[in-house]
Amino acid sequence: MTELASGKLLLDEPAEGLVRLTIANPERRGALDHEILDTLAETVRGLDARCLVITGQGSMFSAGYDIGNLDAQTFAQQAEKLVAHPFHAALEALEAYEYPVVAGLNGHAIGGGLELALTCDIRLAARGVKLAMPPAKLGLVYSHTGLKKFLDVCGLANTNELFFVGSNVDADRAERMGLVNSVVEPDELEERTLELAGEIAANAPLSLSGNKRIIRALREVPDALPPELEQELVELRESCFRTEDFREGVRAFGEKRSPRWQGR
């Protein structure tokens, strides 16, 4: 276990090809301050694990931006700076991560903490946790990039409810809304999250990165793709047929054994 960000972010490798980052800031309810966000962005950019897990500690996954300690005289400037740069950079690093990212929601995910979770590719939540977007209760207009993420994940009606009402949603309702993929009992969350992440990490790395690249491109350009981007994605798909991993995958399937991936 490696302590980062003055111990507020923990890094470990629970299994081969799998890295876990834990937000360990329980005194501040998992709040995301400059140090955590900057370290998260820097750390993620330097990883190459085939699956990355993001989770929290204690009763919170994350309560979002850490605005509680901002100076009253310069509150607006400091709050805008926190949200505009380090938070965006951290989410960008997660979105750009080459391989799948899994969120294990051990506790409540509120505001920016929920957007952090939605930036991950797959989300598991412990039964009983609450999810909420409270901008309307804080006088905050949320970023258009963040709102688009909610629209993509859970649709217009659910996004409207989350942002206009601002009430807590429990994990089971969140699953029905599409905010999380599955809900498990709290004492099973870590095992199930690592089991899922391990299954992902055992898959072909070129397939994981290639499919994630195409999914991201389709989300960024939901209408007709520009010809050059479409050609890039077609070439990406066609290139897999010429890889050693594709031949190994087909061979292993026929021989009923686990494939030995080379990443080429």
Side-chain angles (χ1 to χ4, degrees), residues 1-5 7-33 36-37 40 43-44 49-66 68 90-91 94 97 100-134 149-150 153-154 158 161-162 165-202:
M1 181 79 68
T2 302
E3 292 189 357
L4 307 171
K8 294 176 290 189
L9 196 62
L10 306 177
L11 172 70
D12 71 326
E13 300 180 26
E16 182 180 356
L18 171 60
V19 167
R20 174 171 56 188
L21 282 169
T22 302
I23 302 166
N25 191 19
E27 295 81 7
R28 301 291 303 161
R29 302 177 70 241
L32 304 168
D33 59 23
I36 292 174
L37 292 167
L40 178 64
T43 302
V44 169
R50 295 179 192 172
C51 188
L52 170 62
V53 170
I54 305 288
T55 190
Q57 196 176 75
S59 63
M60 296 293 298
F61 173 73
S62 175
Y65 317 133
D66 190 2
L91 296 193
L94 282 178
Y97 190 65
V101 182
V102 175
L105 303 184
N106 58 293
H108 309 320
I110 310 297
L114 181 52
E115 187 184 345
L116 176 66
L118 257 66
T119 304
C120 301
D121 300 296
I122 298 175
R123 290 161 296 284
L124 282 72
R127 179 161 282 111
V129 308
K130 305 294 186 184
L131 293 77
M133 286 306 300
K149 197 172 300 176
F150 281 84
V153 171
C154 64
N158 288 322
E161 180 180 342
L162 286 168
V165 181
S167 298
N168 292 340
V169 171
D170 67 30
D172 289 293
R173 172 80 199 289
E175 182 181 21
R176 296 194 295 273
M177 295 172 80
L179 288 170
V180 300
N181 294 78
S182 61
V183 179
V184 302
E185 296 306 318
D187 60 353
E188 298 175 358
L189 178 69
E190 181 177 9
E191 180 182 355
R192 293 280 296 276
T193 301
L194 294 181
E195 184 181 89
L196 174 64
E199 187 173 353
I200 291 170

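Please read all numbers here as calculations on a predicted model, not as lab measurements. We use all heavy atoms of the structure for the numbers below, so side chains are in, but hydrogens, waters and symmetry mates are not.
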Asks: So, for Gln57 and Ala24, which heavy atoms are closest and what is the spacing to 0.1 Å?
Replies: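 Scanning both residues completely, I find the closest heavy atoms to be OE1-CB, 3.6 Å.
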Asks: Scan for side chain to side chain donor-acceptor pair (under 3.5 Å) pairs involving residues 8-22, sequence neighbours excluded, and state none if there are none.
Replies: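 Residue pairs with at least one partner in residues 8-22: Lys8-Asp33, Lys8-Glu35, Asp12-Arg20, Arg20-Glu190.
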Asks: Please examine the side chains of Leu196 and Cys51, heavy atoms only from C-beta on, and report whether any two atoms are closer than 4.5 Å.
Replies: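 Cys51 does not reach Leu196 side chain to side chain.
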Asks: Let me confirm one number: the CG-CG distance from Leu189 to Asp187, rounded to the nearest 0.5 Å.
Replies: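 Between Leu189 CG and Asp187 CG, I get 9.5 Å after rounding to 0.5 Å.
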Asks: Going from OG1 on Thr55 to CD1 on Ile23, what distance comes out if it is rounded to the nearest 0.5 angstrom?
Replies: 8.0 Å
Asks: Can you run down the side chain to side chain donor-acceptor pair (under 3.5 Å) pairs that involve residues 112-129, sequence neighbours left out, and say none if there aren't any?
Replies: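 Qualifying pairs, neighbours excluded: Glu115-Tyr142, Glu115-Lys149, Thr119-Lys149, Asp121-Lys212, Arg127-Asp172, Arg127-Glu185.
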Asks: Are Val102 and Leu52 close enough that some pair of their side-chain heavy atoms sits under 4.5 Å apart?
Replies: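 Answer no - side chains too far apart.
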Asks: Which atom pair, heavy atoms only, marks the closest approach of Val153 to Gly178?
Replies: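 Between these two residues, the closest heavy atoms are CG1-O, 3.3 Å.
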Asks: Mind listing the closest non-hydrogen atom pair of Asn25 and Ala31 along with its distance?
Replies: ND2-O, 3.0 Å
Asks: Is the shortest heavy-atom distance from the side chain of Met133 to the side chain of Asn168 under 4.5 Å?
Replies: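 No, side chains not in contact.
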Asks: Can you tell me how far the OG1 atom of Thr193 sits from the CG atom of Leu105, to the nearest 0.5 Å?
Replies: 8.5 Å
Asks: Between CG of Leu94 and CG of Leu40, what distance do you get to the nearest 0.5 Å?
Replies: 5.5 Å
Asks: Does Ser62 reach the main-chain N or O of Ala109 with its side chain, forming a donor-acceptor pair under 3.5 Å?
Replies: no
Asks: Nearest 0.5 Å, please: how far is CG in Leu116 from OH in Tyr65?
Replies: 10.5 Å
Asks: Taking the side chain from Asp170 and the backbone from Lys130, do they hold a donor-acceptor pair closer than 3.5 Å?
Replies: no
Asks: When rounded to the nearest 0.5 angstrom, what is the spacing between CD1 in Ile122 and CG in Asn181?
Replies: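 So the CD1 of Ile122 and the CG of Asn181 are separated by 5.5 Å.
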Asks: List the residues meeting side chain to side chain contact (heavy atoms under 4.5 Å, CB included) with Ala174, not counting sequence neighbours, and say none if there are none.
Replies: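 Ala174: side chain to side chain contact (heavy atoms under 4.5 Å, CB included) contacts with Leu131, Val169, Leu179, Val180.
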Asks: I need the minimum non-hydrogen distance between Ala126 and Val183, along with the two atoms involved.
Replies: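 Minimum heavy-atom separation between Ala126 and Val183: C-CG1, 4.2 Å.
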Asks: Can you see which heavy atom on Leu18 is nearest to which on Ala197, and at what distance?
Replies: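 Scanning both residues, the minimum pair turns out to be CD1-CB, 3.5 Å.
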Asks: Quick one: does Leu21's side chain get under 4.5 Å of Val53's, heavy atoms only?
Replies: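 No. Closest side-chain heavy atoms not under 4.5 Å.
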Asks: Taking C-beta and beyond as the side chain, do Phe61 and Ile110 meet within less than 4.5 Å on heavy atoms?
Replies: no
Asks: With distance as the sole test, does Asn106 use its side chain to make a donor-acceptor pair with the main-chain N or O of Met60 at under 3.5 Å?
Replies: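 Yes; judged by distance alone, with no hydrogens or angles, the pair exists.
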Asks: How would you list, by chain and number, every residue that makes a side chain to side chain contact (heavy atoms under 4.5 Å, CB included) with Ser167, sequence neighbours excluded?
Replies: Val165
Asks: Passes side chain to side chain contact (heavy atoms under 4.5 Å, CB included), Val129 versus Ser59? Steps please.
Replies: CA-CA 8 Å; Val129 308; Ser59 63; over 6 Å; no
Asks: Can you list the residues that meet the salt bridge (Lys or Arg N to Asp or Glu O under 4.0 Å) rule with Glu3, with sequence neighbours excluded?
Replies: none
Asks: Can you pull out every salt bridge (charged side-chain N to carboxylate O under 4.0 Å, His left out) where at least one residue sits in residues 191-200? Sequence neighbours excluded, please.
Replies: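 For residues 191-200: Glu188-Arg192.
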Asks: Please tell me if the side chains of Phe150 and Leu114 come closer than 4.5 Å, counting only heavy atoms from C-beta onward.
Replies: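 A side-chain contact under 4.5 Å exists here.
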